[in-house]
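Each chain gets a letter, A, B and so on, in the order the sequences are listed, and its residues count up from 1. The structure displayed is predicted, hence computed values, not measured ones. Values reported hereafter were calculated over all heavy atoms of this structure, with side chains retained and with hydrogens, waters and symmetry mates removed.
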Amino acid sequence: MEKNTSFLKDQLHEHFDDIFETRLINELAQTGIYKVYKKGEMLLDIGDEMTHIPLILTGLVKVLREDQHEDEILLYFLEEQDTCAISFVNCINRKQSMFKGVVERDIEAIFIPVENIDSWLAKYKSWRHFIIDSYHFRLIEMVESIDSLAFMKMSERLLKYLTDKVKISNNVDLEITHQEIANDMNSSRVVITRVIKQLHDEGKIFSTRNKIKVLEFHE
DNA sequence: ACATTAAGTGATT
DNA sequence: AATCACTTAATGT
């Protein structure tokens, strides 16, 4: 037990040192549960009851909304230093999740039990800021997602999707199929193929089987 | 060489 | 922008 706690402490210092104060890190290390998930595993399904919230050390999780007919739409990604504050509210109310979380790139995370989350809000300023910032950031991403759906043309949406992927993976070379993109964007493969071809011809991307290189993107 | 999976295309709604 | 039906190209065994 002692060994495990010190391992968690090290991990937290490595990834969250600039966010959390030492006393909080000690508490997190005592109550947190360290877990590793592989790509493709589901962290959370719609309807699951929330018992823990994740602090992501490494890797990437994508958060999706799903309708009754298994159609999915990508909402946002969680990466290092992120948590899902939305799930935190669910925790406190003991409500079921509205979202689905799937591992996009192998993750290491520390799971914090519900019981502590609430009391730490009053106790630790850094924890309070962390949760509020996270909530704020998630909201901004949601608004972007709505804008994209409501106002942008397919080609603009796709380019935003691709450039977001580039930013997150720090790599302009993406390994992805048209079908996977269609799933994330709740579109059809044929439509994606045609828009990809258009962007390719415009010189904004370079695409081959299973690969897309993003040539033009702006911060 | 063959089977499987990804991508391209015209026609239609 | 979506769907159908089909073709063509790339890749794995």
Nearest whole angstrom, please: distance from the [atom2] of [N] to the [atom1] of [X].
X      : N     : atom1 : atom2 : result
A:I196 : C:dA1 : CD1   : P     : 14 Å
A:I192 : C:dT3 : CD1   : P     : 12 Å
A:I181 : B:dG8 : CD1   : P     : 11 Å
A:K197 : C:dT7 : NZ    : C1'   : 15 Å
A:I176 : B:dA6 : CD1   : P     : 12 Å
A:I73  : C:dA1 : CD1   : C1'   : 14 Å
A:I212 : B:dA7 : CD1   : P     : 8 Å
A:M154 : C:dT3 : CE    : C1'   : 15 Å

Inset, instruction - If you link ILVMFWY side chains whenever their heavy atoms are less than 4.5 Å apart, which other residues fall into the same cluster as A:F206? By chain and number, please. - result: A:L215
Legend entry - Nucleotide nearest A:V191 when distance is taken to its side chain, options B:dT9, B:dA7, C:dT3: C:dT3
Legend entry - A:N210 side-chain proximity, nearest of B:dA6, C:dA1, B:dT9: B:dA6
Inset, instruction - Measure the acute angle between the ring planes of A:F16 and A:F20, then classify it against the limits of 30° and 60° as parallel, tilted or perpendicular. - result: parallel
Inset, instruction - Give me the ring orientation class for A:Y76 and A:F99: parallel if the planes are under 30° apart, tilted from 30 to 60°, perpendicular past 60°. - result: tilted
Inset, instruction - Using a heavy-atom cut-off of under 4.0 Å over every strand shown, decide if A:S188 touches base, sugar-phosphate, or nothing. - result: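 Here A:S188 touches the bases of the nucleic acid.
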Does [X] place a side-chain N or O at less than 4.0 Å from the phosphate oxygens OP1/OP2 of [N]?
X      : N     : result
A:H178 : B:dG8 : yes
A:K153 : C:dA1 : no
A:S207 : B:dA7 : no

Legend entry - Nearest-nucleotide 5' precedence on DNA chain B, A:R194 against A:Q179: A:Q179
Inset, instruction - Would you kindly check whether a donor in the side chain of A:R209 faces an acceptor in the base of C:dT11, or vice versa, at under 3.5 angstrom? - result: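 When only heavy-atom distances are counted, A:R209 does not reach the base of C:dT11 through any donor-acceptor pair under 3.5 Å.
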Legend entry - A:H13 NE2: over 12 foreign heavy atoms closer than 6.0 Å: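 Yes, the 6.0 Å shell around NE2 holds more than 12 heavy atoms from other groups.
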Legend entry - Which atom of A:M50 lies closest to which atom of A:S97, heavy atoms considered: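 A:M50 and A:S97 have their closest heavy atoms at SD-CB, 3.9 Å.
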